[in-house]
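What follows is a set of notes on a single structure, which appears directly below.
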Amino acid sequence: MIGNRYGTHRVITPKGVLPQPAWKINNKMDILYDNEILVDVFMLNIDAASFTQIKQEVGADEEKVAEKIMKIVNERGKMHNPVTGSGGMLIGKVAKIGEALKDKAKIKVGDEIATLVSLSLTPLKIYKIKKVHLDTDQVEVEAKAIIFESGVYSKLPSDMDRRLALAVLDVAGAPAQTARLVRPGDTVAIIGASGKSGTLCSYVAKKYAGPTGKIVALVHSKKHSKHLEELGITNIAEIDATNAVETEKVVSEFTSGEMADVTINVVNIANTEMASILSTKDYGTVYFFSMATSFTKAALGAEGVGKDVNMIIGNGYMTDHAEIALETVRESVELRRMFESLYVN
Ligand code: NAP
């Protein structure tokens, strides 16, 4: 039995849409289509915007967060946060490969993999939530998931702890896109710079901007900026990115009014579009990696203040993004130490 390569055969409502925008998908694990892969899941990485929203809604309480995750997955057949619209990703062991994929798949039964497509489209059945890590957005589970034929995944590297690889791969698109966008001599503003993707982007931006470039790291609290200093980032300022005018002022001070060639938004909260747009010079680029970004707010907001900036939606997928992200962590002793201290215990 061959299903649709994008997984539309598992869409329950509304009919005719792809699994990501669907409200509910079929997460029955007793039937495996010939072009699906079944995974025994051991850990979820809930998307940061989604995890933050859940904690805001139910409180930073392990049991309540677990209940909320279970409720969403039972209702929708996937971990698709109805408020943020975002998902996350998972790691697990390949349990079965459908007949039609046996020769094509670059993995075999027993391999440990990370999915590189969102949990917001991945059929997921959670049997038990064993532990919610409130500080890292990671959730240990007994669960099963399905990867569709078009799904993207990566074998877990043998030289890294699983939790470290999960954390890095969750945001793999961000450092890869930063490497593509930043040119020698660029001024780069990073909003949310001390977070997971923020730190990776800061390292990559510094590398690609080179000695004539400038990195302006904008953090919510300087408490979390020690790691940035270890990466050699010197222009660090505390801001609230929901305050666009204050953020613009800070970037202006650091750049003598020139503003940024590239602004990277990696926050985990809503309403930061205008801080990013105002921090960027005309004809510059804003890269919205944050899942809390509103297209409407960005488009109408930029128009409203007369800013001629290019705005890029943070596509989670890029060619070789997993390898680029893992290599970035291998390359920098400081980055690896930081990620290990936060994600491996
Ligand atoms: P993270 O580690 O939680 O980092 C988010 C950062 O935002 C934190 O450093 C946080 O600072 C900062 N922040 C929160 N409120 C702020 C405010 N008012 N002003 C300034 N900074 C603020 O998140 P992540 O895992 O790197 O993810 C970053 C974003 O990327 C999230 O929105 C996530 O959903 C998104 N994402 C997108 C994709 C994609 O495919 N495009 C994939 C994965 C993740 P404090 O901790 O000090 O508050």
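As the structure is a computational prediction, the values presented were derived from the model and not from experiment. Just so you know, ligand 1 is whichever comes first in the structure, and atom 1 is the first atom listed for that ligand.
- The protein non-hydrogen atom at the shortest distance from atom 37 (C) of ligand 1 is Phe289 O, 3.1 Å.
- At the shortest separation from atom 47 (O) of ligand 1 among protein heavy atoms lies His224 ND1, 3.0 Å.
- In terms of polar-atom proximity, defined here as any N/O pair under 3.5 Å, Gly195 does make such a contact with ligand 1.
- Under the 3.5 Å distance criterion, the side-chain polar atoms of Ser150 are matched with a main-chain donor or acceptor of Arg5.
- Looking at heavy atoms from C-beta onward, Lys196 lies in side-chain contact with Phe339 at the 4.5 angstrom threshold.
- In this structure, the protein non-hydrogen atom closest to atom 23 (O) of ligand 1 is Ala48 CB, 3.2 Å.
- Residues Ile25 and Tyr33 are members of separate hydrophobic clusters, defined by side-chain heavy-atom contacts under 4.5 angstrom among Ile, Leu, Val, Met, Phe, Trp and Tyr.
- Here the shortest heavy-atom distance to atom 29 (C) of ligand 1, taken over Val267, Leu218, Ile313, belongs to Val267.
- Counting only heavy atoms of the protein, atom 11 (O) of ligand 1 lies nearest to His220 CB, 3.4 Å.
- Heavy atoms of Asn268 found under 4.0 angstrom from ligand 1 belong to the backbone as well as the side chain.
- Atoms of ligand 1 found under 4.0 Å from any heavy atom of Gly314, numbered from 1 in the order shown, are 39 (C), 40 (O), 41 (N).
- Taking atom 26 (O) of ligand 1 as the reference point, the nearest protein heavy-atom neighbour is Ser197 OG, 2.5 Å.
- Under a 4.0 Å heavy-atom criterion, Ser194 is in contact with ligand 1.
- For the pair Arg10 and Phe148, the NZ or CZ position fails the cation-pi test of under 6.0 Å to the six-membered ring centre and within 45 degrees of the ring normal.
- Under 3.5 Å, the side chains of His133 and Glu140 contain a donor-acceptor pair of N or O atoms.
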